[in-house]
Amino acid sequence: MNYNPQGIEFKWQEAWDKNQVFKAEDLSKKPKFYLLFEFPYASGAGLHVGHCRSFIALDVVARKKRMEGFNVLFPIGWDSFGLPTENYAIKTGIHPAAATQQNTENFKKQLKFLGFSFDWSREINTSDPVYYKWTQWIFVQLFKKGLAYKAKIPINWCPSCKIGLANEEVIAGNCERCGTKVVQKEREQWMLKITKYADRLLEDLEKVDYPERVKLAQKEWIGKSEGWVIKFKIKNAKGKTDNEVEIFTTRIDTLFGVTFLVLAPEHSAIEKLKTQISNIKAVEQYIGSAQMKAAKNNQGKDARSGIELRGVTAINPANNREIPVFLADYVSSQYGTGAIMGVPCHDQRDFDFAKQKNLPFVEVIEPYQAHKTLPQKAPWIVSGGQFESAYEGEGFLINSERFDGLPSFAARVRIGEWLQKKIGKIAEKATYYKLRDWIFSRQRYWGEPIPMVYCKNCNWVPLKESDLPLELPDIKEYKPTDEGDSPLAKIKGWVNAICPKCGAVARRETDVMPNWAGSNWYYLAFAFWHKLGTQNSKRKTQKENIFEQYEKEIAYWLPVDWYNGGMEHATLHLLYSRFIYKFLWDIEAVPKLLGPEPYKKRTSHGIILGEGSVKMSKSKGNVIDPLEIAKEFGVDTLRIYQMFMGPYEQMIPWDTKSVKGARRFLEKIWNVAEKNIEHLKDKTALSIEKALHRTIKKITEDIDNLKFNTAISSLMEFCNSWKDSGSYLNKKDFGVFLKILSPFAPHISEALWEKAGFEGLCAVQLWPKYNKVLAQPESTMLILQVNGKMRDKLETVGDISEEELKEMALAREKISKWVRGQTVRRVVFVPGKLINIVV
RNA sequence: GCCGGAGUGGCGGAACUGGCAGACGCGCACGGUUCAGGGCCGUGUAUCGUAAGAUGUGAGGGUUCGACUCCCUCCUCCGGCACCA
């Protein structure tokens, strides 16, 4: 009988299903293993090969871990709120809920077809009111703890999507989703104080096993810098110094090199100084144009613009020198104090600005290497002409009065302390972050309603927890209003509400949560979701909240042992969900005995490119449908191919021709196995038994290390030698082979398992252990080199002394040929490896 | 610009801790199969050379008996951040 995957695969999927092989067992005494991948957004396009790559990889791990005796939780769910579905609704008039249901069903059908070993009983769906009740509950807790607040802020506005975007969603000034240029717009928004967790999000990265590139991306994004805030007095034309400006610097060691001050165009000091600035008209004009530029998002690095505030000067507290004050758009009002000290010699941005404005330069750091003697007299003003660029490195201080000769790293401490103690409170240590608070409002329809009401008497009031979920109303028109408000704003019955606190007439929030909200806690939901009914959306928990109710399950399953997801979420979902987890841990919704991190280990799969290493996209018409591949070649072939195609974490092009190779491999297995089944009573030949044990070892190790491609190549090698040897595996060894094959190709393994007359399912067998002696390399071949070049090999048997081996090597014809007529200078001997004769 | 990662046959890639470079697969070539094609099976397949042999892991240099692997300089590609003071 020929290998016919279409004829067997469904049968075994049903058998797994019937026997509930993949059901995770709560509170089991077995060691638990929680495997998670980022649950898919159920788009209309259906499953793509990128999904498959990570699902298959984790499915391989899940199947192996189960066989190793772990109680594996490998769940699946749907991230179903979001823009694509809503845009689809706007276009077609189909309700997002209906579209979502259809898409979800399609995904589900596809995943079932591919035979993944999910525990389907815990399936979640973020747009299900039973689920988003708790997403809303979390929001209310954040509000109660002062971590959710409403603020009028300039936001990144996408004019095409008509939506506000978080900083993380703006890519190079463009909307992440549609690519339209993002503009700035003032809006009232719900904000989450993720900045309060900045330090912990940073420090706790030490506690987790993430790829270095992911940790770095998060570190960069949080962007912690420690430095000093220094007050500079502002002197007006009349000589009065009743104003001051605070600047932030990480290089207080360059304080004596300050030759000007720069404020951001939006800086509040301008309002105060208004009457003292002689060129105020020009300054205001500049502020206007700077805002225009900011709105267009085209601040260029090359064109350094700025304007001097005439009539006022600043005084450097270190040396009391008067320096000019500028306004320039290269200084951001959003970071630090919105003002900086200009050190042209030691900061490239200040350097460029000073060159353009013809400002003085003074060198205060001399590179260590260049340092010879201390300069006798410090020339304060030096023309910029002699410098080509700023020196931003470390060195010895010069031109810095009493600090001359100090290394810059030491000066950073000494100058700060000196300012603080000797001159009074004009300097303070300060830490700033690039991370901003998280904009949590979207002026849209298809998201979790924000359960807040605005009351004139009581300000913003959350709904009572017992009134959750606040369900999304059914509407007909999904377009946002022209002012950019949510379509919910058009519904009177929605907007009009009663204050939960005082009962007065109030106004309901019309914004909804961003698409990241549901995924903030879904890894917790999987721990207990099968225990909840999904029918009754008003269902009450016995305990105060669902997390308390299922505390034991959460404590048992969390943290996630292995979390796989895309690189694109390194600073989005992965950071957000760490933040929310920490918050839930702080309020003890998550048991304290768990650590402060939700995910122990994180991996990222490389994306799959189209043939010829171009991006896979609809417009290019090179999208591969994994279902088509599975239907044509079989599910196991798809799995083997996707795992074999290349290193898991690396980007890799699809190659349909190579899929055939995977199919051929399975056919080879089928044919060899069928023949072998007739000889199960034979004795396994030693050489093939050894090969088998080497393969067990290799596969066991490779799966744990994400090296699926080499695991499969070792299976291929084994099959080749099995086939070429013409010998057979006995029944036990044949079973061992099927077991190590089964994580990769579970269907064919089951079919052969049954054919060979084994009891039960292959999927529930114990993972084989290899015999250390048998797993050793075949034979010890000594490599014989002359001058580092391989000339011959020597097969060794038993114990032979070093001297004897050297003699034997020199006696070989192929070696003596190269040594003859020359003096042997040295013989290098590496036991078990090689002999190198140097002549 | 800064920070990561990577450069190996026609292609995807393999190589433990410095010790046989190119495993495994694709493709290709030739041969076989009562063989139209396809499929399947066998053999071969880094480059130059009839061969002996020489050369060869982005380029150049270094350390070493020995370098894809370690060190220095440079180039290219990919990813992240990007006026963050």
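Throughout, protein chains are lettered first and strands after them, A, B, ... in sequence-line order, and every chain is numbered starting at 1.
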### Between A/His573 and A/Glu38: side-chain donor-acceptor atoms closer than 3.5 Å
no
### Query
Do any side-chain nitrogens or oxygens of A/Arg826 fall under 4.0 Å of OP1 or OP2 in B/rC65?
yes
### Message
Please classify the glycosidic conformation of B/rU34 as syn (within 90° of 0) or anti (everything else).
### Response
syn
### Query
Hey, does A/Ser713 reach any base, or is it just sugar-phosphate, or nothing, if we go heavy atoms under 4.0 Å?
base
## Note on the structure
On RNA chain B, more 5' by nearest nucleotide between A/Asn787 and A/Tyr335 is A/Asn787
#### Entry: B/rC48 to B/rG56 separation - C1' atoms, rounded to the nearest Å
11 Å
### Task
Ignoring backbone atoms, test whether A/Lys789 places a side-chain nitrogen or oxygen under 4.0 Å from the OP1 or OP2 oxygen of B/rU55.
yes
### Interatomic distance at C1', B/rG60 relative to B/rA67, whole Å
15 Å
### Message
Suppose you measure atom C1' in B/rU69 against the same atom in B/rG62; what distance do you get, rounded to whole Å?
### Response
15 Å
### Query
Hey, does A/Lys698 reach any base, or is it just sugar-phosphate, or nothing, if we go heavy atoms under 4.0 Å?
nothing
### Task
Can you tell me, in whole Å, how much space there is between the C1' of B/rA82 and that of B/rC75?
24 Å
### Message
Mind checking if A/Gln785 touches a base, just sugar-phosphate, or nothing, with heavy atoms under 4.0 Å?
### Response
base
### Query
Roughly how far apart, to the nearest Å, are B/rU50 and B/rG39 at atom P?
34 Å
### Query
When we call it a touch if two heavy atoms are under 4.0 Å apart, what does A/Met341 touch: a base, just sugar-phosphate, or nothing?
nothing
#### Entry: Distance below 4.0 Å between A/Thr710 side-chain N/O and B/rA23 OP1 or OP2
no
### Query
Which is true for A/Arg791 with a 4.0 Å heavy-atom rule: it touches a base, it touches only sugar-phosphate, or it touches nothing?
sugar-phosphate
### Task
Please examine the side chains of A/Leu834 and A/Met790, heavy atoms only from C-beta on, and report whether any two atoms are closer than 4.5 Å.
no
### Task
Look at the side chain of A/Pro653 and decide which nucleotide, out of B/rG12, B/rA85, B/rG27, has an atom nearest to it.
B/rG12
## Note on the structure
Closest to the side chain of A/Arg213, out of B/rA23, B/rG4, B/rA54, is B/rG4
### Query
Which part of the nucleic acid does A/Val827 contact within heavy-atom distance under 4.0 Å: base, sugar-phosphate only, or nothing?
nothing
### Query
Where each residue is assigned the nucleotide of RNA chain B containing its nearest heavy atom, which of A/Ser332 and A/Met645 is assigned the position nearer the 5′ end?
A/Met645
### Query
Under 4.0 Å between a side-chain N or O of A/Gln650 and OP1 or OP2 of B/rG13?
yes
### Message
Heavy atoms only, 4.0 Å cut-off, all strands: where does A/Thr250 land among base, sugar-phosphate and nothing?
### Response
sugar-phosphate
### Message
Parallel, tilted or perpendicular: which one describes the rings of A/Phe351 and A/Phe361, with boundaries at 30° and 60°?
### Response
perpendicular
### Task
Would you classify A/Lys657 as touching base, sugar-phosphate or nothing, given that sugar-phosphate means primed atoms plus P, OP1 and OP2, and contacts are heavy atoms under 4.0 Å?
sugar-phosphate
### Message
Below the 4.0 Å mark, does B/rA15 have OP1 or OP2 next to a side-chain nitrogen or oxygen of A/Lys707?
### Response
yes
### Task
Fit a plane to each ring of A/Phe708 and A/Tyr648, take the angle between them on a 0 to 90° scale, and name the class: parallel (under 30°), tilted (30 to 60°) or perpendicular (over 60°).
perpendicular
#### Entry: Closest to the A/Trp221 side chain, choosing from B/rG25, B/rC81, B/rG19
B/rC81
### Query
Relative to each other, are the rings of A/Trp516 and A/His569 parallel, tilted or perpendicular (30° and 60° limits)?
perpendicular
### Query
Between A/Arg664 and B/rC40, is there a side-chain N or O to OP1/OP2 distance below 4.0 Å?
yes
### Query
Does a side-chain N-to-carboxylate-O contact under 4.0 Å join A/Arg251 and A/Asp253?
yes
#### Entry: P-based separation of B/rG27 from B/rG38 [nearest Å]
13 Å
### Query
Just how far, in rounded Å, is C1' of B/rG27 from CG of A/Asp655?
9 Å
### Query
Is A/Ile652 touching bases, backbone alone, or none of the nucleic acid, heavy atoms closer than 4.0 Å?
sugar-phosphate
### Task
Using the C1' atoms only, state how far B/rA23 lies from B/rU8, rounded to an integer number of Å.
13 Å
### Query
Base, sugar-phosphate, or nothing: which does A/Gly336 touch, judged by heavy atoms less than 4.0 Å apart?
nothing
### Message
Heavy atoms only, 4.0 Å cut-off, all strands: where does A/Asn836 land among base, sugar-phosphate and nothing?
### Response
base
#### Entry: Sugar-phosphate, base or nothing in reach of A/Val838, heavy atoms under 4.0 Å
sugar-phosphate
### Task
Tell me whether the OP1 or OP2 atom of B/rG25 has a side-chain N or O from A/Asn720 closer than 4.0 Å.
yes
### Query
So, is A/Lys723 near the phosphate of B/rG42, with a side-chain N or O under 4.0 Å from OP1 or OP2?
yes
### Query
When you compare B/rC2 with B/rU47, how far apart are their C1' atoms, in angstrom units rounded to a whole number?
40 Å
#### Entry: From B/rC81, B/rC65, B/rC3, nucleotide with atom closest to A/Lys434 side chain
B/rC81
### Task
Indicate, with yes or no, if the rings of A/Tyr641 and A/Phe633 have centres closer together than 6.0 Å.
no
### Message
Using the side-chain heavy atoms of A/Ser658, tell me which of these nucleotides is nearest: B/rA54, B/rG13, B/rC26.
### Response
B/rC26
### Message
With a 4.0 Å cutoff (strictly under), does any side-chain N or O of A/Asn709 reach OP1 or OP2 of B/rA14?
### Response
yes
### Task
Mind checking A/Trp654 for me? I need base, sugar-phosphate or nothing, with any heavy atom below 4.0 Å counting as a touch.
nothing
### Message
For A/Phe644 together with A/Phe665, are the ring centres under 6.0 Å from each other?
### Response
no
### Task
Please work out whether B/rG56 sits syn or anti, treating a glycosidic angle within 90° of 0 as syn.
anti
